[in-house]
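Everything quoted here is computed from the prediction, not taken from an experiment. One-based numbering along the sequence shown.
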Amino acid sequence: MKALRLYALAYLAFLYLPVLVLPVFSFNNSEFIAFPLSGFTVRWYQGLAADTAMQHALGNSLKVGLATALLSSLLGLAAARAVTRYRLKGAGAALGFISLPLFIPDIVLALSLMLLLGAGGLPLSLAAAVLGHLLICVPFALTVLIARFEGFDRNLEEASADLGEDPLMTFWRVTFPLMLPGIVASLLLTFITSFDEFLLAFFLSGTEATLPVYIWGQLRFPERLPMVLALGALILTASAALVILAEHVRNLGAQKTTVGA
């Protein structure tokens, strides 16, 4: 048992210590990344407030992330309801096909979509980036929402129908409130996935760079590295907070379903 705990601690240290180094150096009062730190400063964070190019890229990432989260959650909600409520022929094959983009290397997927858009005469843009992100976000949304639907008591919908509600109002008054924790978790997870994605955005966004693409471009300039570290620390903190929030909401919904049952 002791050996297992040591292994777990070593594994966690291997995963997270490199990540924790990033915010440490973001407060270093030097452009050079080396120990010991030359001093404490917040000027790199202050520089971000005056960086209009970074703010524009952040706005692009927020637009793409929000659009992707909404569309992938809507598509995932419809697919999850169909799979869990009806006996559909080939449902397993369809789910496997939807999840296939997760197993295709991103570089191959990005090149394929770029060539497809070019052949169709469609421009590279933020809308194209949203389409690319949907391929990898819908499987995440579907996984979360299927798990939520499988813990849903169908008798509640039947009781609503027996009391005279039509299917639309039954969904709005019964199904949607009980599914809301899963929907929120899906929105948060797909937003994070889209916001952090680089390769698809790099190949599909055209001249409108998203934040990961902007960060990649800044790495060519050594003097910009400390500001990139500061920006990365902020993204890391926000991403961790959203993941924790999504997991909390998902678990809260599961607990409510169990208590109701």
Using 0.5 Å steps for rounding, measure from the [atom1] atom of [X] to the [atom2] atom of [Y].
X: L200; Y: L134; atom1: CG; atom2: CG; value: 10.5 Å
X: L231; Y: L236; atom1: CG; atom2: CG; value: 11.0 Å
X: I215; Y: F198; atom1: CD1; atom2: CZ; value: 10.0 Å
X: S112; Y: L117; atom1: OG; atom2: CG; value: 11.0 Å
X: N60; Y: L126; atom1: CG; atom2: CG; value: 4.5 Å
X: W216; Y: T210; atom1: CH2; atom2: OG1; value: 13.5 Å

Answer yes or no: are there more than 12 heavy-atom neighbours, outside Y214 itself, under 6.0 Å from its atom OH?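 Atom OH in Y214 is crowded, with more than 12 foreign heavy atoms closer than 6.0 Å.
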Is a side-chain N or O of [X] found less than 3.5 angstrom from the main chain of [Y], in a donor-acceptor match?
X: Q218; Y: R220; value: no
X: T190; Y: L187; value: yes
X: T68; Y: G65; value: no
X: E197; Y: A201; value: yes

Establish whether [X] and [Y] are linked, either directly or via other cluster members, by ILVMFWY side-chain heavy-atom contacts under 4.5 Å.
X: L102; Y: L100; answer: yes
X: L111; Y: I104; answer: yes
X: L62; Y: I235; answer: yes
X: L204; Y: V108; answer: yes
X: I136; Y: L116; answer: no

Give me the atom names and distance for the closest heavy-atom approach of [X] to [Y].
X: S73; Y: L145; value: O-CD1, 3.7 Å
X: A128; Y: P123; value: CB-O, 4.2 Å
X: S186; Y: V144; value: N-CG1, 4.2 Å
X: A110; Y: L199; value: CB-O, 4.0 Å
X: L142; Y: A80; value: CD1-N, 3.5 Å

My understanding is that only residues two or more places apart in sequence, or in another chain, count here; which of them pass ring pair (Phe, Tyr, Trp, His ring centres under 6.0 Å) with F203? none
Kindly determine whether M227 and M54 satisfy side-chain contact (heavy atoms from CB on, under 4.5 Å), including the steps that lead there. CA-CA 10 Å; M227 290 183 61; M54 183 278 296; over 6 Å; no
With a 4.5 Å limit on heavy-atom distance, are the side chains of S61 and P212 in contact?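 Yes - at least one pair of side-chain heavy atoms lies under 4.5 Å apart.
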Let me see the working for F195 and L58 under side-chain contact (heavy atoms from CB on, under 4.5 Å), right down to the final yes or no. CA-CA 9 Å; F195 188 87; L58 174 61; 3.8 Å; yes
